[in-house]
Amino acid sequence: KNQVEQSPQSLIILEGKNCTLQCNYTVSPFSNLRWYKQDTGRGPVSLTIMTFSENTKSNGRYTATLDADTKQSSLHITASQLSDSASYICVVSPPINTGTASKLTFGTGTRLQVTL
Amino acid sequence: DAGVIQSPRHEVTEMGQEVTLRCKPISGHDYLFWYRQTMMRGLELLIYFNNNVPIDDSGMPEDRFSAKMPNASFSTLKIQPSEPRDSAVYFCASSFRASLGTQYFGPGTRLLVL
C-alpha cells in the first residue's frame, strides 16, 4: 500500500475555476510535506514545503494546508489558468533524526487539466 | 545558475547495451539524488549522495545499476546491461540541507530500451 495517496487521479476544470487536490499519508512521524508541480516532459518543481507544525503555506495562487492529526494535506488552486495544467505530486519526508531524512515518499500525483 | 543539467535528454538503445546518464548539480548543493519515473510506479528514489559520498542505494533495482559521483559537480548513473523494463524517465535532483531544502530537479533523461 502506498504511504502517500492522492486524489483524484485526474481532474478537468474550466479556466478561472478553483480546485482542491487531496493527499492522505501514513508516513509517521514526518518532518515536512511538500507539493510539487510537474509539467509534461519536465522535472518536478517545488510549490510549497510545510513542516509538521505548520497548517498552511501559500505560494501565489497555490495554498497548501496540512492536518497532522488526520494525516491529510490539500492543495488549493485559485482562479486556475491554462498554465496550471500539470501533475501535482505530494511528497512526505521522514524525520531528520531517522537517518533517512532524504528519502522522500512520493504520491502518484493528480493530473490536472485546465480548459477554456 | 542554469539549474540541474542532465544529458542526454533522450536515449534509445538496444537491450544488452550499456547506458550512461549524466548529471551536473547546482553549484553549492551538497546532496544529489537519482530518481526513476514510470507511469506505473511514479517517482522512485534510486540513490542519493551527500558531499559526493553515496548514502543510500537501497532503491537501486539491481546490480545492473551503478552510480558514481567523482566530484561535487558531476554524477553518472550507469545501466549495464540494459533491459526493456529499464525504460523510464530518469531524473537527477540536487539540494542544500536535504531534508529541509528544496530539491531541484533536472529536465530528465527519457530512456527507451528496445
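Just so we're clear, the structure is a prediction, and the values are computed from it rather than from any experiment.
Counting heavy-atom pairs closer than 4.5 Å to chain A, the top residue among B/L43, B/N50, B/V89 is B/L43. Residue with the most contacts toward chain B among A/P44, A/G43, A/G41: A/P44 (heavy-atom pairs, distance under 4.5 Å).
For the pair A/K37 (side chain) and A/V45 (backbone), a donor-acceptor distance under 3.5 Å is absent.
Using bins of under 30°, 30° to 60° and over 60° for the plane-to-plane angle, the ring pair A/F106/B/F105 lands in the perpendicular bin.
Checked against a 6.0 Å centroid threshold, the rings of B/Y48 and B/F33 count as neighbours.
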> Which is it for B/F65 and B/I47 under the side chain to side chain contact (heavy atoms under 4.5 Å, CB included) test, yes or no, and what are the steps along the way?
Replying inline: CA-CA 10 Å; B/F65 286 69; B/I47 184 173; over 6 Å; no

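B/Q6 does not touch chain A: none of its heavy atoms, backbone or side chain, sits under 4.5 Å away.
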